[in-house]
Amino acid sequence: MPATIDLTDPSARPAPSSKAVQANAQTLDGKPTLIGMSREEMVAAMADAGVPEKQRKMRVNQIWHWLYVRGSSDFADMHTISRELRENLAARYTIARPEIVEEQISNDGTRKWLMRFPPRGAGRPVEVETVYIPEEGRGTLCISSQVGCTLTCTFCHTGTQKLVRNLTAEEILSQLLVARDRLGDFPHKDTPQGAIVPSEGRKVTNIVMMGMGEPLYNFDHVKQALLIASDGDGLALSRRRITLSTSGVVPGIVRTGEEIGVMLAISLHAVRDELRDELVPINKKYPLKELLEACRTYPGVSNARRITFEYVMLKGVNDSLSDAKELVRLLKGIPAKINLIPFNPWPGSAYECSDWETIETFADFVNANGYASPIRTPRGRDILAACGQLKSESERMRKKDRDELENMALQAMMISGHGAD
C-alpha cells in the first residue's frame, strides 16, 4: 500500500521550531518574498531595506547563495550577513516555504506533495501537486505552473479541474525548493562554507514542466523561475536537464527557445487534426501543420537536442499501425524522440489503456523508422501521481472514486507488467 502523510494533522508533523512558526506567520502576513525575484528585483529590495548602493550587488550575491545553494528558509541562518540587516530583511520580506498539506509515497518510490500557497490579493489559498520520480542515476521533479488548467484535454484528469490562477515565479520555484528540502538535497545549515555542493549525487537532477497547467499560458513566471533554476551560481540545473512541455501554444514555443533555452516536449497524442481537436482541443487554434513547423524551427534543435513528442496510448483510438505510420511521416526532418505513454486511468475517464502487445507493435514500427520510441514505465499510479492524473486535492475524492481508482491502477499495472520480461 502507498504511504500517506497528512501534514494537516498536527500529530503527524514534527514539533515546529520558533523559527518555523515565525516563517509561517510571515507567509500568512502577506509579506513579499525574495524567492523568485530576479537579481535586478533583489537589488531593488536591498535598496528598500536601506542597504547602501555600493553594497547592494554584494548582498544580493550573498542572499542568492543562501537561498539557492544552501536552501535557507530563515534569514537568521544567513550568518555571513550582519544581524542588523537580517532583522531588517525579516521585518520586510519572507523566504518561507509553502505549507505541505500532504505527502504520499508510492509503492514504486514516487513521491507526491500537495502544497498550499497563501492568498494573492483578494483570492483564496490555493493547492497544487508536485511529483518526484526516482530512477537509476537520476531523479525527475514534475512541476506545476497553474492551479487547474484551461485546456480540457479529454484524457487528462488535471483538465477536469477549472483554472483558478497562474502560479507566480516564487510558487513555481518553491516546488523545487520543497522537494530538495524533503529529499535532503540541500547541505545541512552547519556544513562549513566551501564544502557544501556535491558535484554529483543530487536527488533532483532533472525538472519537467509537466504538472498542472499549460506552462506557455503562464510564460513570464515560468521563464523567470526556470532562469533562476538554471543559474550557475545557485540551483545550477543544466538547461539540458530542464524540459518544458506544451500542448501546442505555437507563439510561446519560439519564445521558449529564444528566451529560456530549455528542452522542449510536445503533448501530441494524435496524428490527424480531427482526432487531435477532440483529444487536445487547443489544436483547433494551432493545428498540426503550424505546431510541427514551430518544432522544425525551434532554436537549437538538433540530434543532440531533440524534441520529445508525448503520445498517450488510448485503446482503439490512436494506437493503430496506420497511426504509427502517419506519425513517422509527420515528424520527418524533425530531430525527435517519441515517448509512448500507457494511458493512466482515473475515475470517470472514457478511455482505456492500449493492450501491451499493441503498444509494443507501435513502438517497434517507430523505432524501425529511425525514431527512439521508449515506452514510459507508469509510475505513481497508486497515488494518482502518474502522467495526466494530477489534480489539486482541493477537490477531494470520494471514497467510491478512490476505490475505483485502486481497481483501475491494479488493472493497469497488470497490463504494463507484460512488458517487464
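The figures here come from the full heavy-atom set of this structure, side chains too, leaving out hydrogens, waters and symmetry mates. It should be emphasised that the depicted structure is a prediction, and the values quoted were computed from it without experimental measurement.
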Worksheet item: If you measure from CG on N339 to CG on L268, what distance do you get to the nearest 0.5 Å?
Response: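 Separation between the atoms: 12.0 Å.
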Check: F309 ring centroid to Y371 ring centroid under 6.0 Å: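 Here the rings of Y371 and F309 have centres that are no less than 6.0 Å from each other.
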With a 3.5 Å distance limit and no angle check, can you tell me whether [X] reaches the backbone of [Y] through a side-chain donor-acceptor pair?
X	Y	result
N318	H269	yes
R296	K332	yes
E41	S38	yes
S174	E170	yes
D231	D233	yes
T256	G252	yes
D319	G316	yes
D323	A270	no
D185	K203	yes
S144	M212	yes

Quiz prompt | Parallel, tilted or perpendicular: rings of W113 and Y132 (30°, 60°) | solution =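 The arrangement is tilted - the two ring planes meet at 30° to 60°.
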Does any donor atom in the side chain of T246 or E214 lie under 3.5 Å from an acceptor atom in the other side chain? yes
query: Does the side chain of W356 come under 3.5 Å of the side chain of E360 through a donor N or O and an acceptor N or O?
result: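 Short answer, yes.
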Could you go through the salt bridge (charged side-chain N to carboxylate O under 4.0 Å, His left out) check for K285 and D277 one step at a time?
CA-CA 9 Å; K285 187 172 184 179; D277 286 350; over 6 Å; no
For a side-chain contact (heavy atoms from CB on, under 4.5 Å) with Y68, tell me which candidate from L177, L176, I63 qualifies.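 The passing option is L177.
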From the list R239, R241, R240, side-chain contact (heavy atoms from CB on, under 4.5 Å) with S230 holds only for R239
